Amino acid sequence: MVKLLKRRLEKKDRKKDKKFGIKGDTDHLKPFRLSEIVEDNITRLKNSMNNTFDIKSREFQIGGTKYQAAILYIADLVNEEMIMSHLLKPLILQSTAVIDSDTEVNFQSVKDSMLSIGSVQEAETFDEIVLAVMSGDTFLCIQGYAKGLIVNTRELNGKPFAVPTVEPSVKGPQEAFVETLKINLGLIRKRIRDPNLMLEEYKIGRRSKSESVLVYIKGIADPDIVEDLRKRLSSVDLDMGQSAFQIGTLVTDRPDSIFPQVQITERPDKLVVSLSEGRVAVLTDGSPNAILVPVTLPILMQSPDDYCESWLVSSLIRISRYVGLFLSSLFPAIYIAITAYNPGMLPTRLVLSIASTRTGVPFSAFIEALLMEAVLELLQEASIRLPKAVGQTVSIVGGLVIGQSAVQAGIVSPIMVIVISVTAVTSFAIPDYSLGLASRILRVPFMILATTLGSFGIAIGMLLLLTYLSSLKNFGIRYLSPITPYRFQDWKDTVIRAPFKDLKKRPEFLNPEDTERSHSRKKEKEIS
Amino acid sequence: MKEERLMPPQVMTLTACGILGIDILIVQRDMVDVAGQDAWISLILGGMTAMILGSVCYYLAHLYPEMDLPQILLHIFGDFFGRIILLPFIVYDVLYLGMSLRIFAQALKMFLLSATPMLPIVVLILLAAGYAVCKGVFAIGGIMDIIFPLCAVTILGILLMPMNQIHLSNLKPILYKNTGNVVKGILTGYQQFTGYGTIAYFYCYTQKTKGTFKWYLAGLGIPIFLYIALTLITIMVFGPTDIGYLTYPTLTLAKSIEIPGTFLERAESFAAILWINIVFVSVALLLFRTKRNFLELLHMKTKHQNYVIWGIALLLIGIALFIRSGTEAISFFSKIKKSSRIFGLLIFPFITAMGYIKKRRETRA
């Protein structure tokens, strides 16, 4: 009966939280105050921060006396050396000198005489303590006092981080994940000071025992997705868990798909935004990338820069990306279909111009396109493998010299060089590298369909592709969401990006528990 | 994981795609044959009839929200009589689908693939539709969501482009000594929109909300509006006499559009590509319906549905290529539609009435 009542109350609370969306801040912790018992304080504080594995506590006796104390901090955010030398060492070892000089050990004496750290503040309520700990401070409490000390132990110089290379941004932050898990978690913690940020640790790899961490925001992420991912991560059976991508492939429904089934990101800012939308991430020690699920095609077409420009500019850029995706897969096929089957669709002058440029070319448009496509792919692959400086040389030699020579030798027509160049350029407009690869793979089947059945072949290919994409599911979410099924609310941040004032709700298709990003004025009044 | 359901807006796209079909190419000729220059009035009245019957059909689906049409039939009329009533549905759907594929292949040969035989065209479109049906109802819903707006926008484009060629005088005299034909044309007009019955197959997968019915009405209204507008514009451009001689008036209308100086000068190829999409959605939906009907008729398990789908596909290839002459195929297609008019008009009100009585009895019991 009591259990039932408790469950009812919990459900009611959850509904209330959902309604007002207040779970994320620490205001609801205001009424909670410290008690005089150290153990109780530490346990309650840990619980209010969801007891994630990176929250560390240490209980000790001050100067070996009966005075019990404890510290609490988040390992990823603090300078642990500072805690050791300026907090624990003075309190445990050096404090004996203070105690010997007959000074009474009390809260004030600890604050004034035993800590060799610049900023020390008193605190009594949970909200200020939790916020401070989440910001990288260390909390110290002493037995018998219903107050504690917030000691500034933040990593002032910042931890080493990389610069994004695969996902560069013009105006966004220039921070990227590194190979050390602790630093990566710190980069996330630095951006989300929410006690509901959940970190769950997994050991993956029978031999490597690599540390992987499941990251999500409790109260936002769909519990079904979290539970599903938990199960999949637990069942991963690997000898050596080496990279985030390897783990990502093992937890997806369709690992054989050419379309990315997990989003790989090297950007902490992107990961944090995704978490706030209700997605779930996995980070692995030794891997400079994180995986994000669920993933959908429109999500893969978004870039961090979209949120650094005005909504109109961002929307136009996004639309151009979709055009890029379309052309990257279909442009050579459309060219083949029109020239071989429906030249009447083009203006007469253009048809004549194309025909004249093709005079003397020994191959059909399809073979021509296939040859050029093969050269392009080889050039791209070569420029990735080679050092940066040499890679650029290869691009110039490949793009300009070979192209020009091929035209002069009469092997390919100039128009085909234009078509393939435009295709290559459009494929670089796709923000997700894996999606770009998928579009490149699709080019050849579409070219075959175009050369055999013209525009009918392309239409059939598109319909088959559309059917495949519509049937794809990723952690229960349709791959084309929110374009289909129609969720008009979510369209504000799909092909276009609406002004920030209109993006008040989280994406509905991800089934977030807390649907509101920001409250309307009316709701704010209700809350107050 | 939560149970997946079709969203209410998908009811609109599914219904609209169920109505848009092969007829979009020939609707004007069918209507003008009966009602002359007043064909558009018959189409309006036929559209209204379809809206009323569609609402009846929706009510039937609403009475049994967790069943689709073949299940409802077996539930209301019992295993034996239910299957007897199911048979005409199957025969009509299979013949209509087979002949739709034939006319599609014929038109495609004429406008896009003159040197390609009809067999690969029919096989490929069936392959694409069959694949969609194998992937299930939610995949079909997703495809319709994307294809429907593209089709609607392209049709609107075809409607707006020839505005400089229209002659209002082609519509005159309105209703002059032609009222009888207009009334006769209502049945022909209604026939163009029989796809409203699609809801009876998809309602059981839909999220039931207050707005679902409004979305359904929108799904009925949009294709009705497009058909009426298409007929009106075609009459105004070509005149009722010339339309009678056109095999595919819509494609001819598209062919008349020229955009000189732009990158693409002729629009008929685009219209033909659009039409591939329309036929695909129509074939996929009819194939889905036929599959469901066959599964219930033969009392087969869902796990065997793929065999049924590809079996029906083989049958359809046979039907599509059975008639040699193109003109005969078109006239046979018209005969199939004519023969099912009265059945189509009466069957849903009859089933709904019986369903209502059965439901009341069940509730009392």
Side-chain angles (χ1 to χ4, degrees), chain A residues 222-225 227-228 231 253 294 296-297 334 337-338 340-351 449 452-491 508-509 511, chain B residues 1-2 4-10 12-13 105 108-109 111-116 120-121 124-125 127-136 138-149 207 215 259-270 272-277 279-281 284:
Chain A
D222 182 358
D224 289 340
I225 294 175
E227 190 52 40
D228 194 12
K231 276 183 196 162
D253 301 302
T296 68
L297 188 75
I334 292 171
I338 290 182
Y341 286 84
N342 309 102
M345 280 171 87
L346 297 173
T348 321
R349 279 188 193 174
L350 186 59
V351 176
L449 283 167
T452 49
L453 291 156
S455 38
F456 175 63
I458 297 177
I460 290 291
M462 282 295 287
L463 291 170
L464 288 170
L465 180 65
L466 188 58
T467 307
Y468 174 71
L469 289 175
S470 300
S471 69
L472 265 186
K473 271 175 110 177
N474 191 274
F475 288 85
I477 310 284
R478 291 269 161 198
Y479 200 64
L480 292 178
S481 300
I483 295 176
T484 161
Y486 293 167
R487 288 179 192 272
F488 301 118
Q489 179 63 37
D490 293 348
W491 285 10
E508 234 178 62
F509 71 96
N511 303 318
Chain B
M1 288 282 164
K2 289 171 193 90
E4 196 174 15
R5 290 262 164 192
L6 291 170
M7 304 289 285
Q10 288 186 292
M12 175 190 75
T13 54
L108 211 66
K109 261 181 86 71
F111 285 90
L112 278 180
L113 299 165
S114 49
T116 311
I121 298 173
L124 277 170
I125 196 84
L127 189 77
Y131 177 58
V133 177
C134 287
K135 288 290 174 190
F138 300 104
I140 296 177
I143 300 162
M144 306 295 151
D145 281 350
I146 291 179
I147 290 182
F148 171 67
Q207 200 180 66
W215 285 110
I259 319 158
T262 57
F263 187 67
L264 299 161
E265 282 184 345
R266 290 228 182 87
E268 88 266 20
S269 304
F270 282 112
I273 294 166
L274 149 89
W275 190 50
I276 297 169
N277 292 327
V279 170
F280 165 79
V281 294

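These numbers come from a predicted model, not from an experiment. These values consider heavy atoms only, across backbone and side chains, with no hydrogens, waters or symmetry-generated copies.
Neither the backbone nor the side chain of Ser114(B) comes within less than 4.5 Å of any heavy atom of chain A. Heavy atoms of Ile143(B) lying under 4.5 Å from chain A belong to its backbone as well as its side chain. Interface residue Leu464(A): backbone and side-chain heavy atoms are both found under 4.5 Å from chain B. When heavy atoms are compared at a cutoff of 4.5 Å, Trp215(B) approaches chain A solely by way of its side chain, counted from C-beta outward. For Arg349(A), no part lies near chain B; criterion is any non-hydrogen pair under 4.5 Å. Contact annotation for Ile458(A): neither backbone nor side-chain heavy atoms come within less than 4.5 Å of a heavy atom of chain B. At a 4.5 Å heavy-atom cutoff, the contact between Tyr468(A) and chain B is made by backbone and side-chain atoms alike.
Among the candidates Arg478(A), Lys473(A), Met462(A), the residue making the largest number of heavy-atom pairs closer than 4.5 Å to chain B is Arg478(A). Per-residue counts of heavy-atom pairs under 4.5 Å with chain B were compared for Ser471(A), Ser481(A), Gly461(A); the largest is that of Ser471(A). Contacts with chain A were tallied for Ile147(B), Leu127(B), Ile121(B), Ile140(B); Ile121(B) has the most, counting heavy-atom pairs under 4.5 Å.
Residue Tyr341(A) holds its OH atom at 11.0 Å from CG of Leu112(B), rounded to the nearest 0.5 Å. A distance of 11.0 Å separates CG of Leu469(A) from NZ of Lys135(B), quoted to the nearest 0.5 Å. With rounding to the nearest 0.5 angstrom, the OG atom of Ser455(A) is 6.0 Å from the CD1 atom of Ile276(B). We find the CZ-CG distance between Phe456(A) and Leu124(B) to be 5.0 Å, quoted to the nearest 0.5 Å. Between the OG1 atom in Thr467(A) and the CD1 atom in Ile146(B) there is a gap of 10.0 Å [rounded to 0.5 Å]. The structure places CZ of Phe509(A) at 12.0 Å from CE of Met7(B), a figure rounded to the nearest 0.5 Å.
You'll find the side chain of Asn277(B) reaches within 4.5 Å of the side chain of Leu463(A), heavy atoms only. At a threshold of 4.5 Å between non-hydrogen side-chain atoms, the residues Thr484(A) and Gln10(B) count as touching. Inter-residue side-chain proximity for Leu6(B) and Pro485(A) is flagged as unmet; no heavy-atom pair is nearer than 4.5 Å.
Across every non-hydrogen atom of Tyr486(A) and Met12(B), the tightest pair is CE1-CE, 4.3 Å.
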